[in-house]
Amino acid sequence: MFADWVRRELHPIYTPILIRLRDVRNFAANIDETLANAVGRDFVTSDSGWLTDHNTRFLFLLDGFDELLLERGASNELKVFLDQVAQFQKQAAENKERGHRVLITGRPLALYGIERLMPPNLERVSILPMGDEIQQRWFEKWQTIVAQEETEKFREFLQSQKCPEQVKELAREPLLLYLLAAMHRDKQLKVEMFANADTGGAKVSVYEQALEWVLEKQRVEEGKNLNPKITKLEPEDLEILLAEAGLCVVQSGGEYAAIKMIEDRLVKQGYKELQDLIENARQNKREDGLKNALAAFYLKSAAKAENSVEFFHKSFGEFLCAKRMVESLEDLTEKTGKRRKTYAVSDEEFEWRVYDLFGYGSLTVEVVEYLMALLVKSEVELVVLFERLYGFYLDWCDGKFIEEREEVLPQKKTRQLWQWGIESGQRRVDIYTGLNVMILLFELHRYGQSQEGLREQLHFYPCGKPDSEDFDRTRLLQIIGYSRCLKDVAFWEIVGSFLSGADLNNAYLTSADLRSADLSAGNLSDADLIRDKLTRADRIRSKLSRLTEGRYHMG
């Protein structure tokens, strides 16, 4: 499109020549020869001075240096090629007979490892997200395809207060804007989807479509998906890679993750195609094992850390992290044997995987929203998952995992995080893991209360069901106290926003600070709240019946 614009607006001042770098088969030591081979037309082959004709100036559009890297496999070759381009530019600036210019494009992650060595006379530019004016022009062109009424409905959808900010952000990307518009045209995207309680499910629908587009339709030529040829990986392997990258970014603090962390985790998980790709790169002493594949998608080099990547859209990374968590949780519920009574994943392996997934820090509201929507949508047996997580929760409350044993799991997770430069500690890992499992149990409980057939099976009592052998009315108070090892209000900052609808029946919460807890629709029947601070706590629809008498700081 840009080449055609140059042809219409700037020719004969500049004559555009578009060269797709992935189609170039002969990269010579001299860029003049490389360009001649790539163009291959009569005016080139019959005139050795085609680049020194002072009456002609070419604008070479060298498209896709990331695809050049993926095709040829070594970052040092990309560096050599960019040096050649820089030399070509230098000659053009110094020689009036060579007034040519070069625009070379590609995804920035492909420059990983060589950014600091980039030639100084190559000026970096980037495609910015669409502003309102350009987006309006896009709508005008979309209107010629789907008619004015449909276009106006889509515009109103994006401007609606009910449309999530994450979706509005995606709509600033030209290709993703088209994806959203096509979904809206096909009735797969409507404002009503975000008006009900299941906004997480609606967002998941958008991201799943976006992921499918990235994997299957982003690079299509003559009806054929080029991603497998370019990345040397099938779509299912690329999906695994992206999900692991999402998990690593979230576990690293939510901004970026070291490529080595992604590689190390994938090698240990036994995905053969990905293992081979990484191991071959390491044996050949290359640093681009996964980088070449990651460069094909919505990731970029992290600005704050070397040898690291981040997602262009934070919410896309959070969705992929939740997707990775759900896939692992699904594995943990599978049963084997003739009567399917034995778990495919042993208790020991289950316990480690829980620490591995959740021992990094606190689950955010956004990740939990995606996670629950994906769980409900998946084939995960929620009752089985609930029972297994509840058993883990009781063991965690008893200190099983942090006490002396052959391998202390919090310590194992801590060492794992340290090796990737993520600061943590054994006690921190243990507290975060337990509280994150609590969050999942609270969320499964809340979902269960909305499903008539699951209300009892997914009913979570933090202190145990009253009158059962698991019941300990001080358990929640003990957890709150243990969490204060992180900081005074750690429990409420991490778990507080997930307490809506919680059943705290018979819980002993004397002196607990409930000021930032969301207790809307919660059951506090027979809970002992003597001297509790409830200022700012959400008490809407809470059942405060039969509370032990005492003095309350109600604010």
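Small disclaimer: the values here were computed from a predicted structure and weren't measured. Residue numbers count from 1 along this sequence.
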For [X] versus [Y], what's the shortest heavy-atom pair and its separation?
| X | Y | answer |
| --- | --- | --- |
| Leu62 | Val102 | CD1-CG1, 3.7 Å |
| Val309 | Val249 | O-CG2, 4.1 Å |
| Ala322 | Val367 | CB-O, 3.8 Å |
| Gly254 | Lys314 | O-CE, 3.6 Å |
| Trp142 | Ala182 | CZ2-N, 4.2 Å |
| Glu216 | Asn225 | O-CG, 3.5 Å |

Contact check, side chains of [X] and [Y], non-hydrogen atoms, under 4.5 Å:
| X | Y | answer |
| --- | --- | --- |
| Asn227 | Leu238 | yes |
| Leu189 | Gln209 | no |
| Phe194 | Pro164 | yes |
| Leu21 | Ile104 | yes |
| Phe157 | Leu180 | no |
| Glu234 | Glu273 | no |
| Met261 | Ile422 | yes |
| Leu409 | Trp396 | no |

### Task
Evaluate side chain to side chain contact (heavy atoms under 4.5 Å, CB included) for Ser483 paired with Leu435, printing each intermediate quantity in order.
CA-CA 8 Å; Ser483 304; Leu435 296 187; 3.6 Å; yes

Between the side chain of [X] and the main-chain N/O of [Y], is any donor-acceptor distance below 3.5 Å?
| X | Y | answer |
| --- | --- | --- |
| Thr333 | Glu330 | yes |
| Asp430 | Pro410 | no |
| Gln135 | Ala171 | yes |
| Asn436 | Phe358 | yes |
| Thr105 | Gly64 | yes |
| Arg388 | Leu332 | yes |
| Gln251 | Asp356 | yes |

### Message
Among residues at least two apart in sequence or on other chains, which ones pass salt bridge (Lys or Arg N to Asp or Glu O under 4.0 Å) with Arg428?
### Response
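Arg428: no salt bridge (Lys or Arg N to Asp or Glu O under 4.0 Å) contacts found.
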
### Query
Residues two or more places apart in sequence or in another chain: which of them pass salt bridge (Lys or Arg N to Asp or Glu O under 4.0 Å) with Lys272?
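Asp276.
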
### Message
Using the ring pair (Phe, Tyr, Trp, His ring centres under 6.0 Å) definition, which of the options Phe311, Trp213, Phe316 pairs with Tyr207?
### Response
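For Tyr207, the ring pair (Phe, Tyr, Trp, His ring centres under 6.0 Å) check succeeds only for Phe316.
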
### Donor-acceptor side-chain pairing of Ser315 and Tyr370 below 3.5 angstrom
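No, Tyr370 and Ser315 have no side-chain donor paired with an acceptor closer than 3.5 Å.
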
### Query
Quick one: do the Glu244 and Gln269 side chains pair a donor with an acceptor below 3.5 Å?
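Yes, side-chain donor-acceptor contact under 3.5 Å.
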
Output yes when [X] and [Y] qualify as a salt bridge under the 4.0 Å nitrogen-oxygen rule, no when they do not.
| X | Y | result |
| --- | --- | --- |
| Lys153 | Glu156 | no |
| Lys323 | Glu239 | yes |
| Glu381 | Lys335 | no |
| Glu327 | Arg324 | no |

### Query
Does a sphere of radius 6.0 Å around CZ in Arg455 hold more than 12 heavy atoms from other residues, nucleotides or ligands, not counting ones at 6.0 Å or beyond?
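Atom CZ in Arg455 is crowded, with more than 12 foreign heavy atoms closer than 6.0 Å.
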
### Query
Has Glu140 got more than 12 heavy atoms of other residues, nucleotides or ligands less than 6.0 Å from its CD?
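Correct, the count exceeds 12.
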
Interatomic distance, [X] atom [atom1] to [Y] atom [atom2] [nearest 0.5 angstrom]:
| X | Y | atom1 | atom2 | answer |
| --- | --- | --- | --- | --- |
| Phe350 | Leu329 | CZ | CG | 8.5 Å |
| Leu440 | Met372 | CG | CE | 8.0 Å |
| Leu371 | Glu443 | CG | CD | 9.0 Å |
| Asp237 | Gln275 | CG | CD | 11.0 Å |
| Lys190 | Ser160 | NZ | OG | 14.5 Å |
| Leu18 | Leu61 | CG | CG | 6.0 Å |

### Message
Suppose we call two aromatic rings close when their centres sit under 6.0 Å apart. Are Phe65 and Phe81 close by that rule?
### Response
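No - the distance between ring centres of Phe65 and Phe81 does not fall below the 6.0 Å cut-off.
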
### Task
Compute the ring centroids of Tyr355 and Phe392, then answer whether they are less than 6.0 Å apart.
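Yes, they do, as the ring centres are separated by less than 6.0 Å.
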
### Task
Could you walk me through whether Arg155 and Glu152 pass the salt bridge (charged side-chain N to carboxylate O under 4.0 Å, His left out) test, one step at a time?
CA-CA 5 Å; Arg155 196 202 316 265; Glu152 284 302 317; 2.8 Å; yes

### Audit row: Leu170, Val206, side chain to side chain contact (heavy atoms under 4.5 Å, CB included) steps and yes/no
CA-CA 10 Å; Leu170 292 182; Val206 172; 4.1 Å; yes

### Message
For a side chain to side chain contact (heavy atoms under 4.5 Å, CB included) check, start with the C-alpha distance between Lys413 and Trp352, then their side-chain angles and the critical distance, and finish with the verdict.
### Response
CA-CA 8 Å; Lys413 180 62 179 178; Trp352 161 243; 3.9 Å; yes

### Task
Measure up the Phe460 and Tyr390 rings against each other and bin them: parallel (under 30°), tilted (30 to 60°), perpendicular (over 60°).
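Because their plane-to-plane angle is over 60°, the rings of Phe460 and Tyr390 count as perpendicular.
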
### Query
Testing Leu385, Val376, Leu375 for side-chain contact (heavy atoms from CB on, under 4.5 Å) with Val326, which one passes?
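Testing each of Leu385, Val376, Leu375 against Val326, the sole residue satisfying side-chain contact (heavy atoms from CB on, under 4.5 Å) is Leu375.
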
### Message
So, using side chain to side chain donor-acceptor pair (under 3.5 Å) as the criterion, who are the partners of Glu150 when residues are at least two apart?
### Response
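Counting only residues at least two positions away or on another chain, Glu150 forms a side chain to side chain donor-acceptor pair (under 3.5 Å) with His184.
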
### Message
Please identify which of these residues, Arg137, Arg172, Lys168, meets the salt bridge (Lys or Arg N to Asp or Glu O under 4.0 Å) condition with Asp132.
### Response
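In the set Arg137, Arg172, Lys168, the residue that makes a salt bridge (Lys or Arg N to Asp or Glu O under 4.0 Å) with Asp132 is Arg172.
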
#### Entry: Check against side chain to side chain contact (heavy atoms under 4.5 Å, CB included), Glu318 and Gln166
CA-CA 11 Å; Glu318 290 169 336; Gln166 296 96 322; 5.7 Å; no

